[in-house]
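Comments concern the structure below.
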Amino acid sequence: MSDETTHFGFQSVPLGEKQGRVNEVFHSVAGRYDLMNDLMSAGLHRLWKNTLVAMLRPPRDRAFRHLDVAGGTGDVAFRILEAGGPATHVTVLDINGDMLSVGRERAGHAYEGRIDFVEANAEALPFEDGSFDAYTIAFGIRNVPRIDVALREAHRVLRPGGRFLCLEFSKVDVPGLDRIYDAYSFNVIPRLGRMVTGDSESYQYLVESIRRFPTPAAFARMIEQAGFRCVSHRPLTGGVVAIHSGWKI
């Protein structure tokens with residue numbers, strides 16, 4: 001493994017170094033992560049996450065155990081708890097303790113007994129096989145060093161009939177919008193990051209990591225190779241993001 005490399009933005013780095021570098025990015029921006037999401041997307045990330053939860057449709061009349069990975073600040077988890085019934089329970093898992101601290105503070109006592117926060121790696125989930133009814137990951141899979149391993153772990157911890165949903169940046173498919181989006185991403189977002197968080201380099205990485213993420217078709221093949229079936233993807237906002245879906249059958 002020591003000879004393997006992966007990408008960190010546009011850089012090629014040893015596989016073992018990527019997770020540490022990603023951790024530093026999110027340590028740096030955790031306190032203003034949600035604010036930056038609002039500013040960068042003009043609030044659209046809220047609509048995208050609402051669509052993700054609408055596709056999940058957590059039941060209101062029975063127990064439902066959900067795992068939200070790379071969701072430290074609780075943004076998706078809180079939506080699922082609001083949409084589900086009183087027997088809905090969400091485990092928020094993130095490798096970054098600073099992000100989890102933000103989520104715990106935001107949660108307060110509002111969801112007592114219905115949410116927990118776990119610091120762990122998406123590539124080695126600390127749960128038994130078939131532990132969850134559904135799994136979501138929003139804007140996190142592209143930061144995982146070994147995406148194929150994380151997908152296999154997602155499949156492992158889901159019960160038969162469980163659903164995998166991934167919200168991630170994608171490939172803009174509207175002529176003209178792609179050039180505007182690139183210009184905005186590379187020229188505005190890092191500067192915005194410097195103004196709001198004092199850190200432009202982390203947001204330069206985040207922009208670059210989007211460009212290195214597989215195409216929707218390629219990512220669909222990876223999801224299928226992990227064992228999921230009925231795999232599909234739904235582009236939103238001209239392909240700026242997509243929601244990828246798969247079922248454990």
When you check the side-chain N and O atoms of Ser185 and Arg211, is any donor under 3.5 Å from an acceptor? yes
Is Ile180 reachable from Val240 through a run of hydrophobic residues whose side-chain heavy atoms are each under 4.5 Å from the next? no
Does CZ in Arg46 sit with more than 12 non-hydrogen atoms of other residues, nucleotides or ligands closer than 6.0 Å? no
Does a side chain donor of either His66 or Thr136 reach within less than 3.5 Å of an acceptor in the other side chain? yes
Hydrophobic cluster membership, Tyr181 vs Leu44, 4.5 Å side-chain cutoff: yes
Minimum heavy-atom distance between Leu177 and Thr237, given as atom pair plus value: CD2-O, 4.2 Å
State plainly whether one hydrophobic cluster holds both Val118 and Val149, where clusters connect Ile, Leu, Val, Met, Phe, Trp and Tyr through side-chain heavy atoms under 4.5 angstrom apart. no
Between Ala122 and Val69, what is the shortest heavy-atom contact and its length? CB-CG1, 3.8 Å
Can you check whether Phe219 and His244 have ring centres sitting under 6.0 Å from each other? yes
More than 12 foreign heavy atoms under 6.0 Å from CZ of Arg191: is that the case here? no
Mind checking whether Pro58 and Asp133 have side chains closer than 4.5 Å, heavy atoms only? no
Would the His155 and Phe164 ring centres measure less than 6.0 Å apart? no
Determine, stepwise, if the pair Phe139 / Glu168 fulfils side chain to side chain contact (heavy atoms under 4.5 Å, CB included). CA-CA 5 Å; Phe139 303 119; Glu168 189 51 88; 3.8 Å; yes
Test Arg163 against Ser245 for side chain to side chain donor-acceptor pair (under 3.5 Å), laying out the working first. CA-CA 7 Å; Arg163 191 176 193 184; Ser245 172; 3.0 Å; yes
Please walk me through it: do His89 and Asp116 pass side chain to side chain contact (heavy atoms under 4.5 Å, CB included)? CA-CA 8 Å; His89 184 279; Asp116 57 354; 3.3 Å; yes
Can a side-chain donor-acceptor contact be found between His45 and Asp38 if the only test is distance below 3.5 angstrom? yes
Rounded distance (nearest 0.5 Å) linking atom CD1 of Ile243 with atom CG of Leu52: 5.0 Å
Val174 and Gly238 have their tightest heavy-atom pair at CG2-CA, 3.7 Å
Between atom OH of Tyr135 and atom OG1 of Thr91, what is the distance when rounded to the nearest 0.5 Å? 12.5 Å
Say you draw a straight line from CG of Leu81 to CZ of Phe64; how long is it, rounded to the nearest 0.5 Å? 10.5 Å
Short question: side chain of Asn50, backbone of Trp48 - any donor-acceptor pair under 3.5 Å? no
Interatomic distance, Ser209 atom OG to Arg212 atom CZ [nearest 0.5 angstrom]: 10.0 Å
Grab the two heavy atoms, one from Lys248 and one from Arg156, that are nearest each other, plus how far apart they are. NZ-O, 3.5 Å
At their closest point, which heavy atom of Lys49 faces which heavy atom of Asp75, and how far apart are they? NZ-OD2, 2.6 Å
Just by modelled atom types, is the Val90 backbone N or O under 3.5 Å from a matching donor or acceptor in the Arg114 side chain? no
Rounded to the nearest 0.5 angstrom, the CD1-CG distance for Ile223 and Asp148 is 12.5 Å
Taking the six-membered ring where the residue is Trp, are the ring centres of Phe213 and Phe169 under 6.0 Å apart? no
Please tell me if the side chains of Leu125 and Leu67 come closer than 4.5 Å, counting only heavy atoms from C-beta onward. yes
Step by step, would you call Met55 with Arg234 a side chain to side chain contact (heavy atoms under 4.5 Å, CB included)? CA-CA 10 Å; Met55 289 179 64; Arg234 176 181 175 182; 3.7 Å; yes
Closest non-hydrogen atom pair, Ala150 against Ile141: CB-CD1, 4.2 Å
Under 30°, 30 to 60°, or over 60°: which ring-plane class applies to Tyr111 and Phe78, parallel, tilted or perpendicular? parallel
Tell me whether Trp247 shares a hydrophobic cluster with Ile80, the cluster being built from Ile, Leu, Val, Met, Phe, Trp, Tyr side chains joined at under 4.5 Å. no
Approximate separation, where rounding is to 0.5 Å, of Ile95 CD1 and Glu119 CD: 8.0 Å
Looking only at atom types and distance, does a side-chain atom of Glu123 sit under 3.5 Å from a main-chain N or O of Arg146, one as donor and one as acceptor? yes
